[in-house]
Peer 1: 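Take this structure first; my questions come after.
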2 protein chains.
Amino acid sequence: MEFGAKGFEAASTRAIAEGADAYQPQINYHFESKDALWVAAVDHLFELLMEAIGEVPRAEGYADAEHFGAAAAGTLRRFVRFAAAHPELNQIMVHEATDDSARLHLIVERHVRPLYQAITALWKELLQAGLAAPIDPSMAHYVIVGAASLPFVNAPEARLLTGVEPTDRAWVERHADGIIAALLPGYRGSDQPRPAATNTTSA
Amino acid sequence: MEFGAKGFEAASTRAIAEGADAYQPQINYHFESKDALWVAAVDHLFELLMEAIGEVPRAEGYADAEHFGAAAAGTLRRFVRFAAAHPELNQIMVHEATDDSARLHLIVERHVRPLYQAITALWKELLQAGLAAPIDPSMAHYVIVGAASLPFVNAPEARLLTGVEPTDRAWVERHADGIIAALLPGYRGSDQPRPAATNTTSA
DNA sequence: GTCTATAATTAGATAGAC
DNA sequence: GTCTATCTAATTATAGAC
């Protein structure tokens, strides 16, 4: 999607229309403005995200640290899979979050804050349960999102650099394995096979 | 810097000139074009980065895994400090790496590839030494950069969301501690105090 | 609703006085 | 080198025929 690949300003409504096999003025007919189209796209992508990750687990819902860790690992894995399938969402986030704009405020207050609060609360409980790496709960959200999504956000660069297609199913799953192992070192479930040093096609 | 905060297209030469207390046509006088200004800015930022992180360590330079791990941890810590001090570089990277453009090719071939190759080689040795988390070497670069830099790349969002100033010295160091603990679980040096679950000012 | 034509604004770049 | 004025091209949005 143009907004993700180029950012709001660089994404021309002409290019967006062409990508949808439509004419540029149709955007202003079906939406109020380029801004309104952007809001609709963001709303839609966050709906898909919430649907994909489901409820964020809380410690009280699980009998022991092992089961709690498995639930948290599942959430992380679903987030990695979503980031691979819909890179546009995290691309839009990094395009918008580098500057204090009206669009940033909208996206933060409408969509990110509830998610941020859920992740922060989860992380505090994971730390107490001895499952999580010692990362400040107030910023764990950024470490998780950054590590999990950058290979997909920057997929055009990754393809150039690495010779790997980051969205290949097997690579996505191994990436999720690595994220879970690094961020939840206290969890050693069947979810996370802890592979030995892997070989890959790279220089 | 405008290129980092807004991206190439959204950064107007008028705004850039105003930020430098100059007039817009002076950009075309002192540089050839907006493109040339961008290249000069990117070249300068990567020079600063290379200077800041120094040589990337190799296993053969160290007597044992403990010292090799300490060297790698130092490199990670210097990268985190640089990302906090100069968010523009990683902001420019995420703005450009979401689309396959001439600017992306320039930045990759001129600056990123040598760094990527050094990080990939380092990571393979860290895995062999049992120091690193089980992350695919071909993509370790993205996990490191994503986790280490997103709080600074998205600092405007982080300030809104968290009530934390991510560039505060103490927080930068704790962030580096967390990154090192998560990515180098086999290393337990004095570099990394492994603090107990930390308390912070957040909701 | 679709499509053409175009209005209104803004961008990067240039000319030329000083 | 600095600064004003302006050119050309591209943008979003709108008007109106069909």
Side-chain angles (χ1 to χ4, degrees), chain A residues 1-46 88-89 91-108 110-111 156, chain B residues 1-46 87-89 91-111 156:
Chain A
M1 203 256 283
E2 292 284 312
F3 285 136
K6 315 217 180 227
F8 179 83
E9 320 261 357
S12 82
T13 56
R14 276 175 176 78
I16 294 169
E18 192 171 350
D21 259 313
Y23 292 82
Q24 183 256 338
Q26 289 183 281
I27 287 175
N28 291 80
Y29 179 79
H30 291 284
F31 300 86
E32 183 185 329
S33 64
K34 184 183 179 182
D35 262 277
L37 172 64
W38 180 88
V39 171
V42 166
D43 285 351
H44 176 63
L45 284 168
F46 269 97
E88 313 91 53
L89 188 144
Q91 286 174 334
I92 289 173
M93 285 308 303
V94 291
H95 278 300
E96 298 298 335
T98 53
D99 195 34
D100 196 338
S101 69
R103 285 195 304 279
L104 176 61
H105 281 253
L106 181 144
I107 209 170
V108 163
R110 189 181 291 192
H111 297 295
Chain B
M1 203 255 282
E2 292 284 312
F3 285 136
K6 315 218 180 226
F8 180 83
E9 320 261 358
S12 82
T13 56
R14 280 174 174 79
I16 294 169
E18 191 170 349
D21 259 312
Y23 291 82
Q24 182 256 338
Q26 288 182 282
I27 287 175
N28 291 80
Y29 179 79
H30 291 283
F31 300 86
E32 184 186 328
S33 63
K34 184 185 180 181
D35 263 278
L37 172 64
W38 180 88
V39 171
V42 166
D43 285 351
H44 175 64
L45 285 168
F46 269 98
E88 313 91 53
L89 187 144
Q91 286 174 335
I92 289 173
M93 286 307 304
V94 291
H95 278 300
E96 299 297 335
T98 53
D99 195 34
D100 197 337
S101 70
R103 285 195 304 278
L104 176 61
H105 280 253
L106 182 144
I107 211 169
V108 163
E109 298 309 333
R110 189 182 290 192
H111 297 295

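Proteins get letters first, then strands, A, B, ... in listed order; numbering begins at 1 in each.
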Peer 1: Between A:Leu45, A:Val42, A:Leu37, which is the residue that forms a side-chain contact (heavy atoms from CB on, under 4.5 Å) with A:Phe3?
Peer 2: A:Leu37
Peer 1: Counting only non-hydrogen atoms, which of residues 96-107 of chain A are less than 4.0 Å from DNA chain D?
Peer 2: none
Peer 1: Counting heavy atoms not belonging to B:Glu109, are there more than 12 under 6.0 Å from its CD?
Peer 2: yes
Peer 1: Let's see if you get this right: which residues in residues 28-44 of chain A place a heavy atom under 4.0 Å from DNA chain C?
Peer 2: A:Tyr29, A:His30
Peer 1: When you compare the side chain of A:Trp38 with that of A:Ile107, does any pair of heavy atoms fall below 4.5 Å?
Peer 2: yes
Peer 1: More than 12 heavy atoms of other residues, nucleotides or ligands under 6.0 Å from NE2 of B:His44: is that the case?
Peer 2: no
Peer 1: Supply the atom-to-atom distance A:Lys6 NZ to A:Ser12 OG, rounded to the nearest 0.5 angstrom.
Peer 2: 8.0 Å
Peer 1: Tell me whether the guanidinium CZ or amine NZ of A:Arg103 lies under 6.0 angstrom from the six-membered ring centre of A:Phe8 and within 45° of its axis.
Peer 2: yes
Peer 1: Which residues, if any, of residues 17-25 of chain A bring a heavy atom under 4.0 Å of DNA chain C?
Peer 2: A:Tyr23, A:Pro25
Peer 1: To the nearest 0.5 Å, what is the distance between CZ (A:Phe31) and CD1 (A:Ile16)?
Peer 2: 10.0 Å
Peer 1: Donor-acceptor check, side chain of B:Lys34 to backbone of B:Ile27, threshold 3.5 angstrom: yes or no?
Peer 2: no
Peer 1: Give one of base, sugar-phosphate or nothing for B:Ala11, where a contact means two heavy atoms less than 4.0 Å apart.
Peer 2: sugar-phosphate
Peer 1: Nearest 0.5 Å, what's the CD1-OG1 distance between A:Ile92 and B:Thr98?
Peer 2: 10.5 Å
Peer 1: Would B:Gln91 and A:Val94 count as a side-chain contact (heavy atoms from CB on, under 4.5 Å) here? Give the steps.
Peer 2: CA-CA 8 Å; B:Gln91 286 174 335; A:Val94 291; over 6 Å; no
Peer 1: Rounded off to whole Å, could you give me the CD1-to-C1' distance for the A:Ile27 and D:dT14 pair?
Peer 2: 14 Å
